[in-house]
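Written below as structure tokens is the structure these notes are about.
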Amino acid sequence: MSDIIKLLPDSVANQIAAGEVIQRPASVIKELVENAVDAGATDIKVFIKDAGRTLIQVVDNGKGMSETDARMAFERHATSKIRGAEDLFTLHTMGFRGEALPSICAISQVELKTRTEDSTIGTRLVINASQVETQEPFVCDKGANIMVKNIFFNVPARRKFLKSDSVELSNIMREFERLALVNNNIRMSIDTGSRALDLRAATFKQRIGDIWKNNLDLHLLPIEVDTSLIKISGFISRPEFARRRNPLQYLIVNGRNMRHPYFHKAIMNCYDSLIAADTQPCYFLKFEVDPSSIDVNIHPTKNEIKFEYEQEIWPILQASVKAALGKFGAVPSIDFSSDVLPVDPLPPGVTPEKPTLDIPADYNPFAVEKKSFMSPGGFRTGKRETVSRNWDSLYADFMNGARGFGEPVVDSGPMTSPAVDEEEQPLGVDLKTDEFSGSVKDDSLFEDSETNPAIGSFCVQHALRYIITSSREGLIIIDQHRAHVKILYEQYIRRMENGEQVSQALMFPESISLDPEHQSAFAEVADELLKLGFSLEYDEGDCWRIVSVPAMLKDYDPKDVILRILDFVCDGSVNYGSEASASSDMLSRLALVMARTSAIQRGRKLSGDEMEHLIGELFSLPDPAYTPNGNPVYCVLDGHRLESMFR
């Protein structure tokens with residue numbers, strides 16, 4: 001039998017490693033900027049072209065590399081950060097594995113220009129898919145200037161799965177914000193072609209204000225705790241400025257961004273009962289711990305960190321956040337001084353009169369009240385009903401089969417209710433009449449079919465989220481939120497296809513502030529938003545004015561709808577197979593976002609008329625069973641299933 005195990009070439013091994021380290025253009029920026037930080041740079045510039053597909057360039061004024069170091073830097077596991085395994089527990093640098101540069105050059109074309117401070121001439125190195133093409137002396141500035149071109153050009157499968165430019169730019173801006181927040185003492189700038197951001201070297205609070213603007217730094221509470229185990233510093237937002245959309249939440253450990261659900265939960269617990277259930281606070285917290293008490297070598301991106309004293313840090317973090325909320329008056333307090341003293345103080349020596357109570361003389365607080373009993377007519381009375389004790393008569397009635405004494409009830413047809421006045425007619429009796437428009441629904445809606453079950457004559461709401469009604473097929477349980485989403489989505493799509501979408505101008509335009517990633521997403525979907533009926537005008541800085549909205553968006557916050565749409569675009573779940581399909585897919589998905597935002601939410605109490613109207617609109621649709629993304633809208637409990645429950 002011949003040997004079948006072979007050693008992979010370095011180029012293939014580097015491409016495999018690149019799949020873990022380099023996931024998208026934002027990953028390249030992270031690795032290159034962190035290398036510049038480790039090189040001691042005080043000024044870092046980032047240039048982007050075509051959302052990183054064509055060019056990613058990072059220029060720094062660090063210590064640079066010699067000719068030999070420039071060549072060795074692109075070899076696998078070549079690093080200047082550590083010398084042995086024990087150095088992993090005393091890390092003070094961002095990188096240490098020696099995998100980033102080899103992974104980058106394995107899936108792109110790289111050009112490096114670098115020079116050290118004590119050298120008069122630098123080095124230019126060109127690498128194409130891990131193959132060194134040229135290395136020559138070159139005149140350049142001190143530091144490093146590295147250009148990554150045509151990312152994933154030799155891995156078409158990876159390049160095909162890159163998202164749209166707006167999504168990739170949003171990821172790039174988000175990654176740049178993380179890096180800029182951590183390294184606030186370094187001047188950092190980025191130019192994406194569509195927008196530029198230049199951040200001065202500043203304090204941590206100033207850097208927060210420079211990145212997100214909108215006076216965010218004025219709404220923050222400081223935290224400063226120093227213990228033998230951990231030092232915590234940074235800022236948290238006041239409860240009244242908690243966000244429903246896009247909360248800014250950053251945890252930094254020894255100058256490194258991290259994700260830590262356990263510590264996030266500790267912070268969120270401090271805001272219990274202070275913020276609404278659908279909002280989250282912003283926080284920007286720096287942890288300083290002994291490097292030997294953490295392990296950063298558990299994930300290729302080094303964003304997940306394991307703490308040795310995790311359980312001990314939890315109460316320290318909670319206490320520091322609660323102390324900040326209480327110290328600066330963010331926690332509501334009880335005013336014991338209000339309504340205690342009279343308006344006009346009594347003169348000295350005058351005793352206030354004792355209040356008198358009008359209590360009957362025969363009042364006995366220990367007397368037991370007579371219990372109320374339910375009368376046969378259903379009304380409560382204050383006296384006990386007299387019960388006959390003629391047992392012989394009762395027994396005779398039982399033997400004769402009198403109704404009410406055990407005789408089986410025979411189903412004689414549909415139950416009928418006594419006549420009532422028209423004004424007292426209960427809601428939800430006849431679904432064929434649309435109470436809102438006065439129109440009569442099509443009789444076909446109430447015929448038996450697989451997708452349109454015949455609707456009965458009653459509807460009730462359960463748990464403020466489900467509507468229960470009957471049909472010839474059984475009981476129908478409808479999710480009220482999903483049902484309304486389906487109805488609104490079909491209305492939006494129909495009006496957009498027919499060109500019936502009406503835009504309504506706002507009497508008082510509303511101002512909306514867009515974060516850097518939201519601005520990139522807005523540039524991508526501006527035309528689609530206009531087709532939906534939104535019209536925005538640029539104001540100044542990061543602010544825009546909403547001047548018109550779709551006429552169908554009544555009683556809904558247009559800012560929340562637009563932010564939801566932009567969040568969806570940033571997530572990048574749109575199919576970009578072709579320009580036509582991308583536009584159609586974008587419109588349908590934006591219509592779905594609008595429907596979700598505008599639909600009635602679970603937990604809202606509905607009147608009988610509202611439930612009838614919702615059911616009628618739902619079953620007038622050609623396919624009411626599923627939402628646009630495939631979730632069931634209702635379920636039917638047929639007779640066989642109901643009978644099986646009582647066996």
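With salt bridges taken as basic N to acidic carboxylate O contacts below 4.0 Å, one links Glu34 and Lys30.
Contacts of Lys286 classified as side chain to side chain donor-acceptor pair (under 3.5 Å), with partners at least two apart in sequence or in another chain: Asn184. Considering only residues two or more places apart in sequence or on other chains, Asp141 meets the side chain to side chain donor-acceptor pair (under 3.5 Å) condition with none of them. Shown here are the side chain to side chain contact (heavy atoms under 4.5 Å, CB included) partners of Glu117, two or more places apart in sequence or in another chain: Lys142. For Phe138, the ring-ring contact (aromatic ring centres under 6.0 Å, His included) test picks out no residue, with sequence neighbours left out. Partners of Phe47 under the side chain to side chain contact (heavy atoms under 4.5 Å, CB included) rule, at least two apart in sequence or in another chain, are Lys45, Gln57, Val59, Asp191. His264 is linked by a side chain to side chain contact (heavy atoms under 4.5 Å, CB included) to Gln249, Met268, Gln280, Tyr283, counting only residues two or more places apart in sequence or in another chain. With sequence neighbours excluded, the residues satisfying side chain to side chain contact (heavy atoms under 4.5 Å, CB included) with Ser194 are Leu169, Thr192. In this structure, the ring-ring contact (aromatic ring centres under 6.0 Å, His included) partners of Tyr538, at least two apart in sequence or on a different chain, are Trp544. Residues that satisfy the ring-ring contact (aromatic ring centres under 6.0 Å, His included) test with Phe307, not counting sequence neighbours, are His260, Phe263.
Screening residues 145-157 for salt bridge (charged side-chain N to carboxylate O under 4.0 Å, His left out), with sequence neighbours left out, gives Glu111-Lys149. Sorted by first and then second residue, the pairs that involve residues 179-217 and meet ring pair (Phe, Tyr, Trp, His ring centres under 6.0 Å), not counting sequence neighbours, are Trp212-Tyr250, Trp212-Phe284.
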Next item on the list: Starting from the C-alpha separation in whole Å, work towards a yes-or-no answer on side-chain hydrogen bond (donor to acceptor under 3.5 Å, both in side chains) for Arg124 and Gln135.
Entry: CA-CA 6 Å; Arg124 177 177 178 267; Gln135 183 173 5; over 6 Å; no
All N/O donor-acceptor pairs, side-chain side in residues 226-234, below 3.5 Å, sequence neighbours left out:
{"residue": "Thr227", "atom": "OG1", "partner": "Leu229", "partner atom": "N", "Å": "3.3"}
{"residue": "Thr227", "atom": "OG1", "partner": "Ile230", "partner atom": "N", "Å": "3.0"}
{"residue": "Thr227", "atom": "OG1", "partner": "Ile230", "partner atom": "O", "Å": "2.7"}

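Between the side chain of Asn154 and the backbone N or O of Ala129, no donor-acceptor pair lies under 3.5 Å.
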